[in-house]
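Taking it in order: structure first as structure tokens, then the write-up.
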Amino acid sequence: MTVKSVSPPEAQALMKNGAVLIDIREPAEFLREHVPDAISVPLSDIIAGKSIVGLSVQHPVIFYCLVGSRTSQNADALIKAASPASTLLLSGGISAWKNANFPTVEDKKQPLPLMRQVQIVAGTLILIGILLGYTLDTSLFLLSGFVGAGLLFAGISGWCGMALLLAKMPWNKLKN
């Protein structure tokens, strides 16, 4: 089933006429930054079958994520969750919204998205392994190889030990 996508200006006009904007990213991502007046309903809740209460049949529901991938890949689940209201997807997600110079609500006290943290830590460890391998001992190149193997395993299996470890760190506790 195909769902119509709307541009940020179209979405903003629809919102002025009563459309509901729903952010399907995880709560930490929503708290870090979201579109004003958006409602947070994580995709994981939608896939688990939790219903979205209070939707009007008279107004469309517009779903968005970071860049539009999660919404387009899960369009069928989003249609089902919004039923009987009409379903639209924000083309390009919050990134397109920001590129259109529309405002967002940002709270920099909230942690960075977990995958960005994984990228930062993995990149740092690989760089350290290379630098130490060239300057101290060639066996330290193994650090870079180990991190690369971990990333490969995470990509294939969907299980990322580094992400699980980072999620438990004190800076990743949501702040009120």
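Side chains of I94 and R25 form a contact here, defined as non-hydrogen atoms less than 4.5 Å apart. In this structure the side chain of L132 never reaches within 4.5 angstrom of the side chain of D137, judged on heavy atoms. With a 4.5 Å cut-off on side-chain heavy atoms, V121 and M162 count as touching. When side chains are defined from C-beta on, R32 does not count as touching P111, because their heavy atoms never get closer than 4.5 Å. Residues S5 and L88 are not in side-chain contact: their nearest non-hydrogen atoms beyond the backbone lie 4.5 Å or more apart. In this structure, L114 and N172 have side chains that are in contact, with non-hydrogen atoms separated by less than 4.5 Å. Counting only heavy atoms from C-beta outward, the side chains of L14 and V6 approach each other to under 4.5 Å. T71 has its side chain out of reach of V3: every pair of non-hydrogen atoms, C-beta onward, lies at least 4.5 Å apart.
With rounding to the nearest 0.5 Å, the separation of CD in Q119 from CG in L151 is 9.0 Å. We find the OH-OG distance between Y64 and S91 to be 15.0 Å, quoted to the nearest 0.5 Å. Of the inter-residue distances, the one linking F30 atom CZ with D107 atom CG reads 11.0 Å to the nearest 0.5 angstrom. In this structure, CD in Q12 is found 11.5 Å from CG in N17, a value given to the nearest 0.5 Å. Rounded to the nearest 0.5 Å, atoms CG (N74) and NZ (K80) are 13.0 Å apart. Distance CG/L43 to CD1/I22: 12.0 Å, rounded to 0.5 Å.
Under the 3.5 Å distance criterion, the side-chain polar atoms of T124 are matched with a main-chain donor or acceptor of I120. The closest donor-acceptor contact from the side chain of E10 to the backbone of S7 lies under 3.5 Å. In this structure, the side chain of R70 does not engage the main chain of C65 through any donor-acceptor pair within 3.5 Å. With S72 contributing its side chain and S69 its backbone, the two residues share a donor-acceptor pair below 3.5 Å. Side-chain atoms of T104 never come within 3.5 Å of backbone atoms of E106 as a donor-acceptor pair (strictly under, hydrogens ignored).
Within a 6.0 Å radius of CG in D37, other residues, nucleotides and ligands contribute 12 heavy atoms or fewer. In F146, the CZ atom is not crowded: 12 or fewer heavy atoms of neighbouring residues, nucleotides or ligands sit closer than 6.0 Å.
I47 and L78 fall within the same hydrophobic cluster, where Ile, Leu, Val, Met, Phe, Trp and Tyr residues are linked whenever their side-chain heavy atoms come under 4.5 Å apart, directly or through other members. Hydrophobic clustering (ILVMFWY, side-chain heavy atoms < 4.5 Å, transitive): V147 and I130 are in one cluster. In terms of hydrophobic clustering, with Ile, Leu, Val, Met, Phe, Trp and Tyr side chains grouped at heavy-atom distances under 4.5 Å, L125 and L152 are assigned to different clusters. A single hydrophobic cluster is not seen to contain both I24 and V105; linkage of ILVMFWY side chains at heavy-atom distances under 4.5 Å, directly or through other members, places them apart. Side-chain heavy atoms closer than 4.5 Å link hydrophobic residues (I, L, V, M, F, W, Y) into clusters, and following such links, possibly through other members, connects L165 to V118.
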Problem set entry | Working for side chain to side chain contact (heavy atoms under 4.5 Å, CB included), residues E26 and S44 | CA-CA 8 Å; E26 291 304 310; S44 54; 3.3 Å; yes

For this session: Kindly indicate, with the supporting measurements, whether the criterion salt bridge (charged side-chain N to carboxylate O under 4.0 Å, His left out) is fulfilled by E29 and R116.
Result: CA-CA 11 Å; E29 295 174 278; R116 279 192 56 198; over 6 Å; no

For this session: Show your reasoning for whether side-chain hydrogen bond (donor to acceptor under 3.5 Å, both in side chains) applies to Q117 and W171.
Result: CA-CA 11 Å; Q117 292 181 48; W171 61 82; 2.9 Å; yes

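Among D23, L89, V41, L90, the single residue meeting the side-chain contact (heavy atoms from CB on, under 4.5 Å) criterion with F63 is L89.
Residues F141 and Y134 come closest through the heavy atom pair CZ-N, 3.7 Å. Shown here for L140 and G133, the closest heavy-atom pair between the two residues is CB-N, 3.9 Å.
Look at E33 and K98 and you find a salt bridge, because one of the NZ, NE, NH1 or NH2 atoms lies within 4.0 Å of a carboxylate O, short of that distance.
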